[in-house]
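Here is how names work: the chains are called A, B, and so on, in the same order as the sequence lines, proteins then strands, and each is numbered from 1. These numbers were taken from a predicted model, which means no experiment stands behind them. Heavy atoms only: backbone and side chains are in, while hydrogens, waters and symmetry mates are out.
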Amino acid sequence: MGSDAYARIYAVVRRIPRGRVSTYGDVARIAGLPGRARQVGYALHALDEDAGVPWQRVVNARGEISLRGDTGLDSLQREMLRSEGVLFDEQGRLDLDRFAWRPRRDSPKRARLGVRENRT
DNA sequence: GCAATGACGCTCT
DNA sequence: CAGAGCGCCATTG
């Protein structure tokens, strides 16, 4: 534990703006750990509550909350995201084309879809 | 050190 | 579009 990889992962997650989300695979890739999406899951699982890392902004590539329901964290994550303006459909999924965070380059396509601001 | 597990992802059906 | 299968690799028992 205490590995440098975890620190990189946390640093990337901290960069995700409020009202946006990223995926495990994207976080891994941005952190310089391509193909290690699962390690992102381990890192977030071992995370403390008061670590100041917005773990709720990380979802899987389907735009769905990937937590298992037995801990109750899945509902917590959905609530936190909803309070940030991230909307879920009836299938419990969010639209990655609208809410996915794309660092280093802002796609005009996404801007056209109305992501530039979150107004309830 | 081997086998099973998992907050994942991509491809094929 | 949904489900199943396979690949991936750090972590755990």
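A search for side-chain contact (heavy atoms from CB on, under 4.5 Å) contacts involving A/Arg14 returns A/Tyr10, A/Val53, A/Pro54, not counting sequence neighbours.
Between A/Leu81 and A/Phe99 the shortest side-chain heavy-atom distance does not fall below 4.5 Å. For the pair A/Ile9 and A/Val27, the minimum side-chain heavy-atom distance is below 4.5 Å.
Nucleotide B/dG6 holds its P atom 15 Å from the OH atom of A/Tyr24, rounded to whole Å. If you measure from atom NE2 of A/His45 to atom P of C/dA10, you get 18 Å, rounded to the nearest angstrom. The CZ atom of A/Arg36 sits 18 Å away from the P atom of C/dG7 (whole-angstrom rounding).
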Please report, to 0.1 Å, the donor-acceptor pairs under 3.5 Å made by any side chain of residues 28-42 of chain A, with sequence neighbours excluded.
from, atom 1, to, atom 2, distance (Å)
A/Arg29, NH2, A/Asp26, OD1, 3.4
A/Arg36, NH1, A/Pro34, O, 2.7

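In the set B/dA7, C/dA10, B/dG9, the nucleotide with an atom closest to the side chain of A/Trp55 is B/dA7. Picking from B/dC10, C/dA10, B/dA7 the nucleotide with the shortest atom distance to the side chain of A/Gln39 gives C/dA10.
With hydrogens and angles left out, the side chain of A/Arg38 and the base of C/dC8 share a donor-acceptor pair within 3.5 Å. Within 3.5 Å, no donor on the side chain of A/Tyr42 pairs with an acceptor on the base of C/dT12, nor the reverse.
Between A/Arg78 and the phosphate of B/dA7, there is no side-chain N or O to OP1/OP2 separation shorter than 4.0 Å. At C/dA2, one or more side-chain N or O atoms of A/Gln91 fall inside 4.0 Å of OP1 or OP2 (strictly under the cut-off).
Checked by atom type and distance alone, the side chain of A/Glu84 never pairs as donor or acceptor with a backbone atom of A/Arg18 at under 3.5 Å.
For the strand DNA chain C, secondary-structure stems (runs of at least three Watson-Crick or G-U pairs, all distances below 3.5 Å) span B:2-6 with C:9-13, B:8-13 with C:2-7.
Residue A/Arg93 is classed as a sugar-phosphate contact, given heavy-atom separations below 4.0 Å to backbone atoms only.
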